[in-house]
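In each ligand, atom 1 is the first atom listed, and ligand 1 is the first ligand listed. Treat the numbers as computed from the prediction; the structure is a model and nothing was measured.
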Amino acid sequence: MALVLTEMTQQIGTLTMNNPQKRNCLSHALIEDFFAALDTFERSKMRVIILRASAGSKVWSAGHDVHELPRPGRDPLPYNSPFEQLLRRVQDYPDPVIAMIEGGVWGGACDLVLTCDIVIGCETATFAMTPAKIGIPYNPSGMIHFINVLGLNKAKEMFFTAAPMNASEALNLGILNHLVESDKLESFTRGLAEKIVGNSPLAIRALKEEFRLLSKGHPMDAETYEKIGAIRRCVYDSKDYCEGILAFHEKRRPQFKGE
Ligand code: LCV
């Protein structure tokens with residue numbers, strides 16, 4: 001079964017995540033299909049990409065596949081992991097990528113949404129950033145995505161509480177560009193994509209790359225980089241990291257001890 005469905009019409013490529021049984025979690029297999037779809041869109045010169053889940057989904061994506069998180073003592077979000085490669089592929093995709101959201105967006109799927117260029121949601125859209133719930137030391141490039149969009153205080157609250165944020169909060173905080181009624185979500189998103197298709201592709205590609213380079217975050221000295229590495233290692237070397245993942249497998253709340 002294809003874990004991702006694709007459609008190409010009027011220079012707009014639509015990618016639909018299609019693994020509802022596993023709540024569209026970003027497994028290696030789904031990410032592989034994701035990459036293939038983006039390659040097809042690029043070869044076919046699609047000018048705008050829409051990322052979505054199937055109509056009526058209660059969960060847009062449950063985030064990183066927790067069963068594929070590495071064992072304790074290894075960085076759970078290494079630079080070359082399929083998940084991190086997916087975020088960079090979307091972020092660096094030459095043309096605009098629109099995330100069309102209905103249902104819950106969890107953990108790393110929130111980061112995926114923030115690497116898109118425009119986010120349009122309906123009233124069922126929620127966003128929960130879950131590293132603290134599982135015991136994951138999120139990675140710096142991911143955290144910059146949240147700081148850039150939400151600002152420091154709201155990004156901290158989203159990470160510290162791991163609580164789902166509703167669609168109107170997401171609109172107020174700038175995660176959503178637009179909040180529309182669910183029965184208008186597809187037509188509104190398509191209409192915005194068509195507006196973009198009508199403009200200069202070269203100018204838009206240059207603008208997207210300029211925005212990406214300008215928003216990459218602040219240069220970091222070597223000592224700071226090493227300090228962040230040490231801080232993160234203390235977490236993924238911890239017993240709490242094991243407990244967080246075990247609790248997920250056992251479908252229970254984790255009992256963190258701070259060890
Ligand atoms: C693997 C899953 C998942 C899943 N992985 O359906 O950002 S970080 O740092 O935290 C990063 C590491 C990350 O993204 O971590 C993952 C964060 N995601 C979450 O915490 C969401 C975990 N999932 C849930 O809370 C529930 O599944 C939701 C609320 C999304 C949907 O609840 P619902 O009752 O509709 P189930 O929980 O019954 O899930 C249906 C199937 O999908 C699997 C889950 O294990 C179950 O599989 P089985 O039927 O084989 O038991 N599944 C859900 N999320 N992230 N597998």
| 4.0 Å heavy-atom contact, K58 with ligand 1 | no

| said: Can you name the atoms of ligand 1, numbered from 1 with element, that are less than 4.0 Å from a heavy atom of D65? | reply: 1 (C), 5 (N)

| task | May I ask you to identify the nearest protein heavy atom to atom 39 (O) of ligand 1, giving residue, atom name and distance to one decimal place in Å? | result | R23 CG, 4.1 Å

| request: Answer whether the closest heavy-atom distance between the side chains of E68 and C25 falls below 4.5 Å. | output: no

| query | If you measure from CG on N166 to CG on L179, what distance do you get to the nearest 0.5 Å? | reply | 9.0 Å

| Considering all protein heavy atoms, does one lie under 4.0 Å from atom 3 (C) of ligand 1? | yes

| message | Strictly inside 4.0 angstrom of atom 34 (O) of ligand 1, do you find any protein heavy atom? | response | no

| task | Flag atom 19 (C) of ligand 1 as yes if some protein heavy-atom distance to it falls below 4.0 Å, otherwise no. | result | yes

| query | Which residue and non-hydrogen atom of the protein lie closest to atom 15 (O) of ligand 1, and at what distance in Å? | reply | I134 CD1, 3.4 Å

| message | Using a 3.5 Å cut-off on N or O atoms only, is V66 in polar contact with ligand 1? | response | yes

| query | Are any non-hydrogen protein atoms located under 4.0 Å from atom 26 (C) of ligand 1? | reply | no

| CZ of R74: more than 12 outside heavy atoms within 6.0 angstrom? | no

| field | N or O pair under 3.5 Å between W106 and ligand 1 | value | no

| With a 4.0 Å cut-off on heavy atoms, is F248 touching ligand 1? | yes

| Just how far is it from atom CD of Q11 to atom CZ of R47, taken to the nearest 0.5 Å? | 5.5 Å

| field | atom 50 (O) of ligand 1 protein-contacted, heavy-atom criterion under 4.0 angstrom | value | yes

| message | Considering only residues two or more places apart or on different chains, which pairs with a residue in residues 94-122 satisfy ring pair (Phe, Tyr, Trp, His ring centres under 6.0 Å)? | response | none

